[in-house]
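Predicted model only: the values in this text are computed from it and were never measured.
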Amino acid sequence: LLDLSKIEAGKLELTFAGVSLNDLTQQCVAIMQPQANRERIILRSSLAPKLPQIVADARSVRQIVLNLLSNSIKFTGAGGQVIVSTVYEGNGEVVMRVRDTGRGMSEREIEHAMKPFHQVNVTDERRGQGTGLGLPLTKALVELHGGRLQIESALGQGTSVRIAFPPQRTVVAVPAAL
């Protein structure tokens, strides 16, 4: 709540530096693995080799990844899967995607979930607990980095969240002079 309030007021202080999205993602997967194990959910990662660093605030990016993994685990049933992947696209964007085989959402539910303090109605009380700030905060943090958040989902078919960091945020190694 505090972070979202600071973002809305333009007061959130970010420290930008070169960040390895792959390393940060691996750390977040390790943090979330025990929860996935308890829920009997397979948590996998497919990280692009030689992914360039991004210029980002590491704390904020960690929050983005943890929020997305937490939501995917929360709304995926036992025996389901959550897959986080990274890729460096031809247009220079560094992309992270979190896909799950969970309950999915309708277009209306996606719109609802993107509003602060709103949650998607679920019948499983344990899975519905939370503040309703995860996706709005995630979207706000992504946008502070000049990025885009896209959600594709269908009821009963799972959800895919795509975070794209723009080429301006990509640290491409310059070849050494001969």
Side-chain angles (χ1 to χ4, degrees), residues 1-39 41 43-76 82-89 92-100 102 110 113-120 127 129-151 159-173:
L1 179 58
L2 185 57
D3 282 346
L4 194 56
S5 296
K6 286 180 179 180
I7 291 168
E8 289 176 354
K11 303 285 185 186
L12 185 66
E13 293 184 27
L14 302 177
T15 304
F16 289 97
V19 173
S20 169
L21 184 58
N22 279 351
D23 290 348
L24 198 140
T25 298
Q26 286 176 319
Q27 293 167 12
C28 292
V29 167
I31 290 168
M32 298 306 295
Q33 189 66 60
Q35 181 180 345
N37 291 346
R38 277 191 305 276
E39 302 294 332
I41 295 167
L43 177 56
R44 299 186 317 159
S45 58
S46 175
L47 306 178
K50 300 181 183 175
L51 187 73
Q53 288 190 337
I54 55 173
V55 177
D57 176 71
R59 185 184 78 75
S60 296
V61 175
R62 183 174 292 107
Q63 186 68 54
I64 290 166
V65 178
L66 288 172
N67 284 354
L68 294 177
L69 289 174
S70 177
N71 277 354
S72 286
I73 291 169
K74 184 187 297 186
F75 294 107
T76 298
V82 174
I83 302 167
V84 59
S85 60
T86 59
V87 66
Y88 183 50
E89 297 196 336
E93 290 182 330
V94 171
V95 174
M96 182 191 67
R97 181 175 281 124
V98 177
R99 292 177 286 166
D100 64 57
I110 292 171
M114 295 305 296
K115 296 176 185 171
F117 304 108
H118 289 83
Q119 294 180 329
V120 175
R127 293 184 183 274
Q129 293 175 348
T131 61
L133 291 174
L135 283 175
L137 175 60
T138 298
K139 182 177 188 283
L141 290 171
V142 168
E143 290 174 351
L144 281 176
H145 287 82
R148 292 184 326 278
L149 178 144
Q150 297 169 298
I151 300 175
T159 301
S160 177
V161 179
R162 180 181 187 275
I163 305 292
F165 293 95
Q168 304 89 307
R169 291 279 177 199
T170 304
V171 179
V172 179

task = Say whether, by atom type as modelled, one donor and one acceptor occur between the side chain of Thr170 and the main chain of Gly92 under 3.5 angstrom.
result =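 Checked: pair present.
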request  = Could you give me the CA-CA distance, side-chain angles and deciding distance for Ile41 and Asp100, then say whether side chain to side chain contact (heavy atoms under 4.5 Å, CB included) is met?
outcome  = CA-CA 10 Å; Ile41 295 167; Asp100 64 57; over 6 Å; no
What is the minimum heavy-atom distance between [X] and [Y], and which atoms define it?
{"X": "Asp57", "Y": "Ser60", "answer": "OD2-OG, 2.6 Å"}
{"X": "Phe16", "Y": "Leu144", "answer": "CZ-O, 4.3 Å"}
{"X": "Ala58", "Y": "Leu24", "answer": "O-CD1, 3.6 Å"}
{"X": "Leu149", "Y": "Val142", "answer": "N-CG1, 4.0 Å"}
{"X": "Ser160", "Y": "Arg97", "answer": "OG-CD, 3.3 Å"}
{"X": "Val94", "Y": "Pro52", "answer": "CG2-O, 4.1 Å"}

With rounding to the nearest 0.5 angstrom, report the [atom1] to [atom2] distance, [X] to [Y].
{"X": "Ile110", "Y": "Leu135", "atom1": "CD1", "atom2": "CG", "value": "9.5 Å"}
{"X": "Thr138", "Y": "Asn67", "atom1": "OG1", "atom2": "CG", "value": "3.5 Å"}
{"X": "Thr25", "Y": "Arg62", "atom1": "OG1", "atom2": "CZ", "value": "10.0 Å"}
{"X": "Gln33", "Y": "Arg44", "atom1": "CD", "atom2": "CZ", "value": "12.0 Å"}
{"X": "Ile163", "Y": "Met96", "atom1": "CD1", "atom2": "CE", "value": "5.0 Å"}

request  = Apply side chain to side chain contact (heavy atoms under 4.5 Å, CB included) to Ala48 and list each qualifying residue two or more places apart in sequence or on a separate chain.
outcome  =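 Partners of Ala48 under the side chain to side chain contact (heavy atoms under 4.5 Å, CB included) test: Leu51, Thr86.
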Counterpart residues, side chain to side chain contact (heavy atoms under 4.5 Å, CB included), relative to Asp23 (two or more places apart) =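 Checked Asp23 against side chain to side chain contact (heavy atoms under 4.5 Å, CB included); matches are Ser20, Gln26.
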ask   = After noting the C-alpha distance and the side-chain angles of Leu69 and Ile31, does the key distance pass the side chain to side chain contact (heavy atoms under 4.5 Å, CB included) rule?
value = CA-CA 10 Å; Leu69 289 174; Ile31 290 168; over 6 Å; no
message = Within the 4.5 Å heavy-atom criterion, are Asn71 and Val161 side-chain neighbours or not?
response =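 Asn71 does not reach Val161 side chain to side chain.
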ask   = Going by the side-chain hydrogen bond (donor to acceptor under 3.5 Å, both in side chains) test, which pairs reach into residues 142-151, not counting sequence neighbours?
value =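 Of all non-adjacent pairs touching residues 142-151, those that pass side-chain hydrogen bond (donor to acceptor under 3.5 Å, both in side chains) are Glu93-Arg148, Lys139-Glu143, Gln150-Arg162.
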ask   = With Met32, which of Val84, Leu68, Leu66, Val65 fulfils side-chain contact (heavy atoms from CB on, under 4.5 Å)?
value =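 Answer to the side-chain contact (heavy atoms from CB on, under 4.5 Å) test with Met32 among Val84, Leu68, Leu66, Val65: Leu66.
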